[in-house]
Amino acid sequence: MGRKCRVGPWLTLYICRLYKNTMQYEHKSIEAKWQGKWKAEGTYRVTNDTARPKYYVLDMFPYPSGAGLHVGHPLGYIASDIVARYKRHSGFNVLHPMGYDSFGLPAEQYAIQTGQHPAKTTEINLARYREQLDRIGFSFDWSREVRTSDPAYYKWTQWIFLQLFDSWYDATADKARPISELIARFEAQGCTGQDASVLTGDVEEFMGEFSAEEWRTFDERTKQLILQHFRLAYLSDAWVNWCPALGTVLANDEVKDGVSERGGHPVERKRMKQWSLRITAYAQRLLDGLDTLDWSESIKEAQRNWIGRSEGALVRFAVKNMDLTPGPSPVERGGGASEHRFRETTDGFLWSKLIEHAKSMRRNPTEAEDRLWHVIRGTATGGRIRRQHIIDKFIVDFVSLPKQLVIEVDSDIHDLQQEQDAARTLHLEQKGFKVIRFRNEEVLRDAEGVRHKIIQELNARPDFATDDDTSEDGISPLSPGEVPGEHSSPLPGRGVGGEVEVFTTRPDTLFGVSFLTLAPEHELVPLLTTPERKAEVEAYVNSAKNRSERERQAEVDKVSGVFTGSYAKHPFTGADVPVWVGDYVLAGYGTGAVMAVPGGDQRDWRFAKHFGLPIIAVTEGADIEKEADERKDATICSEGFLKGLKVPQAITRAIQELEKLGAGEGKINFRLRDAAFGRQRYWGEPIPIYYKDGVPYPLPESELPLKLPEVDKFLPTEDGEPPLARAANWSYNGNPLETTTMPGWAGSSWYFLRYMDPQNAERFASAEALNYWQQVDLYVGGSEHATGHLLYFRFWTKFLHDRGHITFDEPAKKLVNQGMIQGVSQRVTVGYVDLDHQVRQQRVGLRIPTETGEFQLFNSEEYLKYSDDGTPVTQSVIMSPRSEILKDFDSINMVNFQEVNVPIEHVADGVLDVSGYRDSLEGRKHADAVFIADGGFVWRDVSKCLSPNRTQSIRTEPVVEKMSKSKFNVVNPDDIIAKYGADTLRLYEMFLGPLEQSKPWDTNGIEGTYRFLRKFWNLFHQEGATPGQARSDNAVVVSEEAPTKPELKVLHATLKKVTEDIEKMSFNTSVAQFMIAANELGSLKCNKRAVLEPLVVALAPFAPHIAEELWEKLGHAESVTVAPWPQWDAQHLVEDNFSYPISFNGKTRLMLEFPIALSKEEVEAQVLANPEVQAKLEGKAPKKVIVVPKRIVNIVV
RNA sequence: GCCCGGGUGGUGAAAUGGUAGACACGAGGGACUUAAAAUCCCUUGGUCCGUAAGGGCCGUGCGGGUUCAAGUCCCGCCCCGGGCACCA
């Protein structure tokens, strides 16, 4: 390998001749060589070698876009690569994989536009991405690469989905359990008490109770529908964020300010049949788990905000509708006097609530209705009669659908509302129904007679439709289409009448309630509105609904609302509390209704002030005329049991009292909503579900993966079905398959597990691999995933843990967010100069006064364009820097000016290359523009500048913003690597500043790191006495001599700093330390192996190519990547003396050197004895002398 | 509005309460060279005094405070970036 030769009596050199005729540090050949070797030798192949301690370093899953990498993308990868390599040197078995989140919208959009299959586009993008990554020299084990769009991968994504479908959340055990255990429980004890109220995120559906006997009598379909309410993956009607432009549903975190995060398209709230994941079941655990994680505080805060836990109470206010309860109460159903009144609703979207109401009424029929039902049910009338059926927007008592005959039984209450009944009859008749009415007494007196009358009516009517609903007790819509698909399980629901439920965090302020406010979308709004207020309320609700989410957010300080005319009863005082509607109350949070306490809540206060509602003081010392008192340390002043209590105690007491009365209870509410899981899209994982009898069933595991079918177009079908509906035979055993696909975050919610055992065909990963690798030790990625990916990632991990598939319940112990590398855009101003009247008339050009006299701008016809009638037209111009030019030419009349970004390749040192930019505009707007520079102008080319004595360059204006193709400010790492090499790029990205911080990219600074690498290289190739000059033969020259004390000090100081800095992930300072070492060793002319060799190892994580090359040249056969990490030794850092800064009153005045061994007193004595110090003291005695050993001496005078 | 970050030379940035500006870019000057590249050396926060050697004062967003000593800790503001937002 090398030959030994004697150069001098005390110097032995190893001279290794490796390259002929190469000079200096040749990054190109070195990097190509080692990248090739690593690949050929599988240097970074990782085995599940359980004998060694493991370390798992993971980068956030990239989505490979067509635009390729820019210099900002690898920042985090470089940092994680340094840690991975460092840990490998330190004896760990390091897992550092990479793969792709390869399903996604952009490939699909491209497919829609071009017809190109997204798989193909994705393949091309991946290849490009891989090529770019390879050039940077990462230590990824590519044999473990995963792709979410690979069926071998998404098989397990689908499998996890089925696990979710097969699970329910046991609130008592606080974990997910198999659905079979729930079924067993229903069979044994039914569903009662706690089980009966299940919150399902956006759906917030109340489950009625049923006994074990009832459960056993339910048919299969009913059982399945009930189980939907408990599954962690469930199908239901939910409010979703529908984006018409993208044609799909978006998750909450994909919507920002009322528009889609990707593309900025408007988003509307819509009620849709939707697959959802019950992440809300995990809200508390997701919150608690944060405390155990070494993640940045900002990410943890963002997640805490997103989960949004608030403690408080649920309070029920009985509704007493004053208008509808005059005098003695008529026959009532359990729900209250106004129930019949509630039959009328104004809105189709209340459908599912109507069904619940219908079910409730059916369960609590009036005596008369019940009697009649017994005589007309089944085939007693010769055809099928349904009861409490929804028609359009009414619930009718009975109906025959084929005959379109409505039968109503009027209780006494109807006397009071004949007018409405008439309207209702008219409405139904317009729909083609005949309405017949019977009085309560008549039915009770002679049910048989009534039955005969009904049969007569039925026989007199023709057949209108076939009644194809076969379910015995089913409720089906007669006018379908408003809400697609199944609506609800046939279970008893919550009665809509009777009470308004509110959530409050301040039950202690209950005595200050002066009204209730409902969200405009609240289900009770139409029901509580009194006839005389109906028009007004409807108008308000409609306008509130029609205003977009965005508008509502924008008009936050506008108070609006309307009184319903109804009153509720205060649970403590029994006082009448008016019920209002206001859009400051959000339908989606809590119960969609608030108890308004103007004295204690500023929003309520503003509402009360605006509408002149009473403001009641709830706290001592509050100035309620000015504002609400929201202090949480106040004392309650309301008369009664809360008086004198501090807020926290009063809250506890109020909840106790509410519970005593049964008017409420303590409750914890979360802002977190269940996650929408279906996308009306092609390029995603198919959901492994088929439908039988309209009920979803899981595909058997043996059928996985359910592969994406081929389709003719990637668009929705003509009737709005998702693209998968285009596929031929999209069915399982003749049953239709689900047509929506999973969202982008599905595959990325568990990918870290697959890397542990990527080829496993039997399981998502073997138990051995999972047990060995466990959690990610270091996760590096952008903070933009704070509430999306990182929450789902944790959710799936917890779920898999609950179901016993993994032993840990958090995916990543430590998380580091790299900052964004921003681009520096270069801007110019483009627009038009409007030529004035004089110019048009006389064709003389535009005279412009400047500081040095008059300057003629368009002073020749050559520079003017003319319209058909021969007059000069408005001239297109490009000017920069705008402010300077405007100072010079204040008389220019400008129109339509705007700042635009110039592609950065046309800008050098802030000066625009006019010709180049001009050419790039060819055929586009402003292609024939006149360029105006500061102090003069340029026509087409600098050579034709008409004011040669003035500044001639177009200076662009730099702006720091996001690096993106559309902003023309992208710097491609390939270009940097071609010029400086990957090692330089790696070092420079690290050197730029702290990893977490965002910073603009400035290629200029890269020279410094490039220079450093050359200096470092030259330390091994020094040519005799010339410092910094490499030998022309490029042979390594290292001395075997023992290093000197200062050399050892440099070495060990560097090892110490670099080791500590990597542990802290402070890479910029470790690079600086390497630079210091290279500079100092250069000055010391040190080329000793004992010093340089450890430095090569220490540098290897940062600049692996050059390190490998030098390592090899130093005579090592094995890769530097397996060399043990060099340890620093404190003994070499010990100093004999310390140079003390001597300060007077904290201001340093001089330096004095003393031996470290000196005691405080000795130092003080010697300092005071110093003549310079004495001179400063001017004979005065110091008041005090502070000596901090090895730090400072401070003399107080 | 609330919650996180952050504000230091021309620029990117360093700095366990203890010499503010390490390291690097850029700029200026110099050496080597026919020249360029490369390399090396010097200067580079502001300002004032001095021919010079040298010295003084001011300086980490602003105003206070604690301390022998504050970029760092405390209080109150201002500005920038990010997150959340009529969340009851």
Side-chain angles (χ1 to χ4, degrees), chain A residues 23-24 256-257 296-306 308-310 312 502-506 509 517 519 552-553 555-559 582-586 588-597 600-604 606-607 669-671 783-784 786-787 817 819-820 822 909 960 987-988 991-994 996-1009 1011-1012 1014-1015 1018 1026-1030 1066 1068-1076 1079 1082-1083 1139-1151 1182-1188 1190-1197:
Chain A
M23 302 271 286
Q24 304 242 338
K256 286 232 149 59
D257 302 323
S296 77
E297 208 42 52
S298 63
I299 293 281
K300 292 207 255 185
E301 268 307 305
Q303 294 215 344
R304 285 190 192 109
N305 288 340
W306 194 258
R309 180 187 204 266
S310 47
V502 302
F503 175 73
T504 175
T505 54
R506 295 289 303 275
T509 62
T517 315
R552 265 169 86 165
Q553 277 175 13
E555 295 169 10
V556 158
D557 24 75
K558 261 169 93 184
V559 177
D583 70 357
Y584 79 98
V585 178
L586 305 177
Y589 184 76
T591 60
V594 300
M595 54 176 230
V597 184
D601 183 289
Q602 193 56 30
R603 292 156 307 182
D604 297 339
R606 290 189 338 135
F607 196 84
N669 200 44
F670 292 96
R671 198 188 78 101
S783 54
E784 68 272 20
T787 51
N817 298 114
M820 224 201 317
Q822 295 142 315
D909 293 326
V960 173
L987 279 172
Y988 185 55
F991 186 64
L992 230 37
E996 286 96 334
Q997 210 163 297
S998 289
K999 52 245 158 185
W1001 177 268
D1002 176 12
T1003 304
N1004 287 330
I1006 203 167
E1007 286 291 344
T1009 48
R1011 225 166 266 164
F1012 156 72
R1014 285 198 305 253
K1015 277 186 211 172
N1018 291 346
T1026 325
Q1029 284 294 333
S1066 172
N1068 54 330
T1069 51
S1070 36
V1071 176
Q1073 183 61 37
F1074 277 120
M1075 289 173 169
I1076 293 169
N1079 290 343
S1083 306
S1139 189
Y1140 281 93
I1142 312 300
S1143 57
F1144 292 79
N1145 293 335
K1147 288 180 208 274
T1148 307
R1149 284 294 174 265
L1150 63 147
M1151 306 293 287
K1183 277 190 196 143
K1184 200 172 174 185
V1185 179
I1186 288 120
V1187 179
V1188 184
K1190 284 178 75 179
R1191 288 246 181 260
I1192 203 169
V1193 176
N1194 192 14
I1195 300 166
V1196 188
V1197 289

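In what follows, chains carry the letters A, B, and so on, assigned in the order in which the sequence lines appear, proteins first and then strands, with residues in each chain numbered from 1. Everything numeric in this text was worked out from a predicted model, so none of it was measured.
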So which one's nearest nucleotide on RNA chain B is more toward 5', A/Ser1083 or A/Lys1147?
A/Ser1083

Residue whose closest nucleotide on RNA chain B lies nearer the 5' end, A/Asn1145 versus A/Leu992
A/Leu992

Looking at every strand, decide which applies to [X] at a 4.0 Å heavy-atom threshold: base, sugar-phosphate, or nothing.
| X | result |
| --- | --- |
| A/Ala302 | sugar-phosphate |
| A/Ser310 | sugar-phosphate |
| A/Val1188 | base |
| A/Arg309 | nothing |

In whole angstroms, how far is the [atom2] atom of [N] from the [atom1] atom of [X]?
| X | N | atom1 | atom2 | answer |
| --- | --- | --- | --- | --- |
| A/Gln997 | B/rC80 | CD | P | 18 Å |
| A/Glu301 | B/rC4 | CD | P | 6 Å |
| A/Arg671 | B/rA88 | CZ | C1' | 14 Å |
| A/Met1151 | B/rG18 | CE | C1' | 12 Å |
| A/Lys1184 | B/rC68 | NZ | P | 5 Å |
| A/Arg603 | B/rA85 | CZ | P | 14 Å |
| A/Ile299 | B/rC84 | CD1 | C1' | 13 Å |
| A/Gln822 | B/rC80 | CD | P | 16 Å |

Under 3.5 Å, is there a donor-acceptor pair between the side chain of [X] and the main chain of [Y]?
| X | Y | answer |
| --- | --- | --- |
| A/Asn669 | A/Ser310 | no |
| A/Ser1143 | A/Val1193 | yes |
| A/Tyr1140 | A/Met1151 | no |

I need a per-nucleotide contact map over nucleotides 21-28 of chain B, read 5' to 3'. Cutoff is protein heavy atoms under 4.0 Å; write B for the base, S for backbone only, - otherwise.
-BBSS---

Only counting residues at least two apart or in another chain, list the ones meeting side-chain hydrogen bond (donor to acceptor under 3.5 Å, both in side chains) with A/Arg506.
A/Asp508

Holding to side-chain hydrogen bond (donor to acceptor under 3.5 Å, both in side chains), I want the full list of residues that pass it with A/Thr787, two or more places apart in sequence or in another chain.
none

Watson-Crick or G-U wobble partner of [N], both distances under 3.5 Å:
| N | answer |
| --- | --- |
| B/rU39 | B/rA31 |
| B/rC84 | B/rG1 |
| B/rU51 | none |
| B/rC57 | B/rG46 |

Nearest listed nucleotide, side chain of [X], among [options]:
| X | options | value |
| --- | --- | --- |
| A/Arg1014 | B/rU39, B/rA69, B/rC86 | B/rU39 |
| A/Pro994 | B/rC84, B/rG56, B/rA13 | B/rA13 |
| A/Tyr589 | B/rU19, B/rC87, B/rC84 | B/rC87 |

Given side chains that start at C-beta, do those of [X] and [Y] come closer than 4.5 Å, heavy atoms only?
| X | Y | result |
| --- | --- | --- |
| A/Asn1068 | A/Pro994 | yes |
| A/Tyr988 | A/Phe1012 | no |
| A/Met1075 | A/Phe991 | yes |
| A/Phe1144 | A/Leu1150 | yes |

Rounded [atom1] spacing from [N] to [M] in Å:
| N | M | atom1 | result |
| --- | --- | --- | --- |
| B/rA85 | B/rG71 | C1' | 34 Å |
| B/rG45 | B/rC23 | P | 12 Å |
| B/rA15 | B/rG9 | C1' | 15 Å |
| B/rG61 | B/rG81 | C1' | 15 Å |
| B/rU72 | B/rC62 | P | 11 Å |

Where does B/rG46 land, syn or anti, given syn is within 90° of 0?
anti

Is the base of B/rC84 touched by the side chain of A/Asn305 through a donor-acceptor pair closer than 3.5 angstrom?
no

